[in-house]
Each structure stands twice: as structure tokens, then as C-alpha cells.
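To start, the structure under review is shown below, and the notes come after it.
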Protein chains: 2
Amino acid sequence: MDSPLLPSVRFQNCPIRTSLGVLGKRWTLLVLRDIGFLKVDRFNQILRTLPGLTPRVLAMRLRELEQEGFTKQIEVQKTPRIVRWGLTAKGEDTLPILMGLIGFGSKWYPEVVFADSQPRTPEELFPKRVKYNPVIR
Amino acid sequence: MDSPLLPSVRFQNCPIRTSLGVLGKRWTLLVLRDIGFLKVDRFNQILRTLPGLTPRVLAMRLRELEQEGFTKQIEVQKTPRIVRWGLTAKGEDTLPILMGLIGFGSKWYPEVVFADSQPRTPEELFPKRVKYNPVIR
DNA sequence: CTGCATCCGATCGGATACTG
DNA sequence: CAGTATCCGATCGGATGCAG
């Protein structure tokens, strides 16, 4: 018989459900991917990297993410108007979750993700540079 | 200037987007939580742990999860009919992602998640038992 | 009882056009 | 370039029904 995996402290509300209240909406994690990983940080750039996403929904998601403290405007300019988006500390903390999704997709959907259809581990995809200089970004 | 974090092998399609095609639907990750962590593995039990989820949507999600190879029926009985659900290896591989969400919620929504409103780390929540017997489940 | 199916109103997301 | 406005279809949530 399997038994539930219980935390040392009781949850008053489920942290998964709580997190998904914000992160669980359609496009939200992909917008964070753009800003956090790809450094695609402007409105129309994000639209271009996410075919199917429309301006209305992107504006909604960016507003929610900013209100919830995941993102912030890091540069604003007018004529021409330019807004760039960046992650807050809270937003950065979603990147391990995104990494989990990268690992999962690379293992279980290799024929979709890779041209050679070979599954790969996170370590293969993002090798640690331990010699001379460990700086990655 | 930040530069994008690139994998050692080019992605033909984004593994995050690919993974979310299945995992990104409403309720899906919470159903996996029930089966994988809580061992709540029967239809009406799952319904009870997830207020707001209706039989119609749960049936849809269970069908999708089974078709996509995340879950399987591990026990079937008739009169009374009983179906129990379990995770496949692929389903088990989503648990680290759920753990990421647990860690995120426990850090950033402590007043929702914990009665004492104190944020906690994954290590505090699931301390490693290193003495005598490291078996957790 | 349990595991669904059906119907329906509400909400959300998508397409397109438009504005500062 | 960064968003809004409007319209419409898809999906969701809620109630109810039903067979095994």
C-alpha cells in the first residue's frame, strides 16, 4: 500500500493549488519563459515568439504578472513608446519550475523537441562549466 | 545586457510549450497531485479533494491523462465498480514539477499556505531521513 | 453508493480592427 | 510600438440524470 507523502508542517491550503492560481493560466508560464530565459522582453516580440497568443490575452497576462509581483517594467521610453519587462525575485523563482518542464519535455517528447528525436537530460542540455569560469549568464 | 540561456542542443520545438500542451490544462496537475502525492486515487475521492472540479471535467482530464500515458488503472472491481488510478513512470516524472510548485507556494504565499504565515523551504517541509532508514514512501 | 453523460449559463480565450 | 475595443466561439462550472 502506498501512503501519502506528508509535509512536516500541515498545509492550511495546498501550495500547488495556490501557485497555480497565478501560474496556471494559459500562456503565463510561456511569457515567463520569454522574459526569464529567452530575454524576449517586449510586447510585440513576445507576441511573435508565441504564435496563437493574441494582444488582448498578452496584455491581460502581463498585467496579472505585474500585479502579482512576478514582473516589472524595467525600461520605459516614449516616441517611440518602448516598454521592456523583467523578472522580480519572485519571478526568478519560477525558473526552476520552467526547468522542470524543460527536463520533462526533453525526456518524454524527444521527437517533438529535438530534430534527432533523442531524449536528453537537463545535464546534457545545460552542462555545468566547472573549469576556469563557472559563469553561465 | 542579459543574454538568453541556450541549451547545448537546439530545440526544434520548445519543451516547455510541449509539456504544457498536456500538463497545462486546468486541474491536470492537481489530479496528478492527488494520485501521486496524496494517494487519492478514486473518482469521487478526487472530486472531494478538489472543490470546484466537476465530474464532467474530471472525467475529461482522467481520459486525457490515461491516453497520454501519465496514469493507468491499477485496480478494477465490479459490483460495486471501483477504479483506482496510479501513475506510470511518465506520470512519476511530473512529481518534481509539482515539488517545484510546492516550494514556490511555500515560499511566496506563506499566509495562504501555512496557519502561522511563515514561509518554509522544501528541506524544512520534507526533511531527509538519513539515519537508520532513508525510505520515505 | 460510484463512475460517468447531458444540458445549460457563465467565463475565458481567440480574431480582427483600431488608438495614443 | 504597446496596448484597447468589440465580437464571437470554445471551454468551464453547476445542476441534474442515469446505469451498474
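- One can place CE of A:Met60 at 7 Å from P of C:dC12, the figure rounded to the nearest angstrom.
- The side chain of A:Arg81 lies closest to D:dA2, out of C:dA5, C:dG3, D:dA2.
- Nearest to the side chain of B:Pro55, among C:dC4, C:dG14, D:dG13, sits C:dC4.
- Side-chain proximity of A:Val83 to the nucleotides C:dG3, D:dA2, C:dC12 is greatest for D:dA2.
- At the heavy-atom level, A:Pro80 lies nowhere under 4.0 Å from the strands shown.
- When the side-chain nitrogen and oxygen atoms of A:Arg63 are compared with OP1 and OP2 of D:dT4, one or more of them lie within a distance under 4.0 Å.
- Remark: A:Trp27 is in phosphate contact with C:dG14, judged by side-chain N or O atoms under 4.0 Å from OP1 or OP2.
- Out of C:dA17, D:dA2, C:dT2, the shortest distance to the side chain of A:Ile82 is found at D:dA2.
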Criterion side chain to side chain donor-acceptor pair (under 3.5 Å) on B:Asp34 and B:Thr49, from CA distance to verdict
CA-CA 8 Å; B:Asp34 272 23; B:Thr49 66; 2.3 Å; yes
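- By the 4.5 Å heavy-atom criterion applied to side chains, B:Tyr109 and B:Pro119 are not counted as neighbours.
- The separation between A:Lys25 atom NZ and D:dT11 atom C1' is 15 Å, rounded to whole Å.
- Ranking C:dC4, C:dG13, D:dG13 by closeness to the B:Thr54 side chain, first place goes to D:dG13.
- Remark: B:Arg26 is not in phosphate contact with C:dC12, judged by side-chain N or O atoms under 4.0 Å from OP1 or OP2.
- Regarding B:Ile46, its CD1 atom lies at a distance of 10 Å from the P atom of C:dC4, rounded to whole Å.
- Between the base of D:dG13 and the side chain of B:Arg56 there is a donor-acceptor pair shorter than 3.5 Å.
- Of the candidates D:dA2, D:dC12, D:dG3, D:dA2 carries the atom nearest the A:Arg42 side chain, counting heavy atoms from C-beta on.
- The nearest heavy atom of DNA chain D to B:Gly52 and to A:Trp85 marks one nucleotide each, and the one closer to the 5' end goes with A:Trp85.
- Atom CG of B:Leu53 is separated from atom C1' of D:dC12 by 11 Å (rounded to the nearest Å).
- Under the 6.0 Å cut-off for aromatic ring centres, A:Phe70 and B:Phe104 qualify, their centroids lying closer than that.
- Remark: P of C:dT2 and CG of B:Leu47 are 10 Å apart, rounded to the nearest angstrom.
- Computed from coordinates, the B:Arg61 CZ to C:dC4 C1' distance equals 16 Å when rounded to whole Å.
- Across the protein-nucleic acid pair, B:Asn44 atom CG and D:dC18 atom C1' stand 14 Å apart, rounded to whole Å.
- Comment: A:Glu64 engages A:Arg61 in a salt bridge, judged by a side-chain N to carboxylate O separation of less than 4.0 angstrom.
- Counting heavy atoms from C-beta on, the side chains of B:Trp108 and A:Ser19 never come closer than 4.5 Å.
- When rounded to the nearest whole Å, the span between CG of B:Asp41 and C1' of C:dT2 equals 14 Å.
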